[in-house]
Amino acid sequence: MRGLLEAYCERNRKIYAADSFQGLPKPDEKKYSSDKGAAFHKNRLMAVSLEQVKENFARYNLLDDQIVFLQGWFKDTLPKAPIDKLAILRLDGDMYGSTIEALENLYPKLSIGGYCIIDDYGALQGCRNAVDNYRERKNIKEKIQFVDWSGVYWRKTSP
């Protein structure tokens with residue numbers, strides 16, 4: 001996304017990169033039963049440091065003040081994130097807890113006409129449950145479109 005902003009000389013938008021930069025959290029099985037038995041937090045391959053991410057942006061001359069890094073668990077960072085509105089909401093939370101926390105805090109900020117993209121809907125049951133539960137609770141009727149076997153999106157057409 002930062003590369004697209006550069007290519008189109010767009011200087012008035014920001015990219016918010018929310019991540020723990022230490023992998024996935026230990027599941028809160030009492031709060032989110034769909035995450036029961038999930039062991040993603042033990043997989044160190046899912047942890048990429050903030051420094052490494054910044055180096056990747058810098059390698060392409062894309063590390064600047066248009067990127068805002070929100071480091072920490074979604075439950076801690078997203079409720080107080082300095083975000084007013086979003087054009088694109090792309091989620092890769094893997095688990096029910098991470099996905100529902102992101103949706104609850106960020107989907108209301110997605111503009112009408114904006115896109116919600118979910119990476120793991122087709123691959124991970126916890127993610128799918130969170131998306132389906134949120135959409136049902138908020139009466140979201142836009143049709144889910146598959147990108148591939150795992151990723152989905154929809155365009156927000158109503159508040």
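Quantities reported herein were computed from a predicted structural model and do not represent experimental measurements. Residue indices begin at 1 and follow the sequence shown.
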| query | Do V131 and L103 come within less than 4.5 Å of each other through their side chains, counting heavy atoms only? | reply | yes

| message | Please check: side-chain N/O of E10 versus main-chain N/O of N12, any donor-acceptor pairing under 3.5 Å? | response | yes

| request: Determine which pairs satisfy salt bridge (charged side-chain N to carboxylate O under 4.0 Å, His left out) with at least one residue from residues 78-89, sequence neighbours left out, and list them in order. | output: none

| remark: Taken in chain and number order and not counting sequence neighbours, the residues that satisfy ring-ring contact (aromatic ring centres under 6.0 Å, His included) with Y32 are Y96

| field | Within-4.5 Å side-chain heavy-atom neighbours: N105 and F74 | value | no

| request: Treat each ILVMFWY residue as a node, draw an edge where side-chain heavy atoms are under 4.5 Å apart, and state whether V68 and L106 are in one component. | output: yes

| Any side-chain heavy-atom pair of L89 and Y16 under 4.5 Å | no

| request: Return the set of residues passing salt bridge (Lys or Arg N to Asp or Glu O under 4.0 Å) with R155 (not counting sequence neighbours), or none when no residue passes. | output: none

| query | Got a sec, which residues hit side-chain hydrogen bond (donor to acceptor under 3.5 Å, both in side chains) with W73, two or more places apart in sequence or on another chain? | reply | none

| request: Give every residue pair that meets the salt bridge (charged side-chain N to carboxylate O under 4.0 Å, His left out) criterion with at least one member in residues 55-71, sequence neighbours excluded. | output: R2-D64

| task | Could you list the residues that satisfy salt bridge (Lys or Arg N to Asp or Glu O under 4.0 Å) with R13, not counting sequence neighbours? | result | none

| field | Nearest heavy atoms of I15 and L5, plus distance in Å | value | CD1-CD1, 3.7 Å

| message | Suppose the criterion is salt bridge (charged side-chain N to carboxylate O under 4.0 Å, His left out): which pairs have a residue in residues 17-34, not counting sequence neighbours? | response | none

| note | Here the pair of heavy atoms bringing L91 nearest to A102 is CD2-CB, 3.5 Å

All N/O donor-acceptor pairs, side-chain side in residues 108-118, below 3.5 Å, sequence neighbours left out:
from: K109; atom 1: NZ; to: I83; atom 2: O; distance (Å): 3.0
from: S111; atom 1: OG; to: L86; atom 2: O; distance (Å): 3.2

| message | The criterion is salt bridge (Lys or Arg N to Asp or Glu O under 4.0 Å); which residues satisfy it with D119, sequence neighbours excluded? | response | R90

| request: For the residue pair Y121 and Y153, establish whether any side-chain heavy-atom pair is separated by less than 4.5 Å. | output: no

| field | Check against side chain to side chain contact (heavy atoms under 4.5 Å, CB included), H41 and M95 | value | CA-CA 10 Å; H41 65 289; M95 300 165 46; over 6 Å; no

| request: Taking the side chain as every heavy atom from C-beta outward, state whether E6 and Y60 have any atom pair closer than 4.5 Å. | output: no

| Looking only at heavy atoms, what is the nearest atom pair of A81 and L70, with distance? | CB-CD1, 3.8 Å

May I have the list of side-chain donor-acceptor pairs in residues 45-52 shorter than 3.5 Å, sequence neighbours left out?
from: S49; atom 1: OG; to: Q52; atom 2: N; distance (Å): 3.0
from: Q52; atom 1: NE2; to: N56; atom 2: OD1; distance (Å): 3.0

| task | Before giving the answer on side chain to side chain contact (heavy atoms under 4.5 Å, CB included), spell out for F69 and T77 the whole-Å C-alpha distance, their side-chain angles and the decisive distance to 0.1 Å. | result | CA-CA 10 Å; F69 294 98; T77 59; over 6 Å; no

| field | Contact summary for I67 and L63, nearest pair of heavy atoms | value | CD1-CA, 4.3 Å

| said: Is the shortest side-chain heavy-atom distance between R137 and E104 below 4.5 Å? | reply: yes

| said: Could you tell me if the side chain of S98 sits less than 4.5 Å from the side chain of P25, heavy atoms only? | reply: yes

| remark: Across all chains, not counting sequence neighbours, the side-chain hydrogen bond (donor to acceptor under 3.5 Å, both in side chains) partners of S34 are N129

All N/O donor-acceptor pairs, side-chain side in residues 140-149, below 3.5 Å, sequence neighbours left out:
from: K141; atom 1: NZ; to: N139; atom 2: OD1; distance (Å): 3.0
from: E142; atom 1: OE2; to: T157; atom 2: N; distance (Å): 2.7
from: E142; atom 1: OE2; to: T157; atom 2: OG1; distance (Å): 2.8
from: E142; atom 1: OE2; to: S158; atom 2: N; distance (Å): 3.4
from: D148; atom 1: OD1; to: S150; atom 2: N; distance (Å): 2.9
from: D148; atom 1: OD1; to: G151; atom 2: N; distance (Å): 2.7

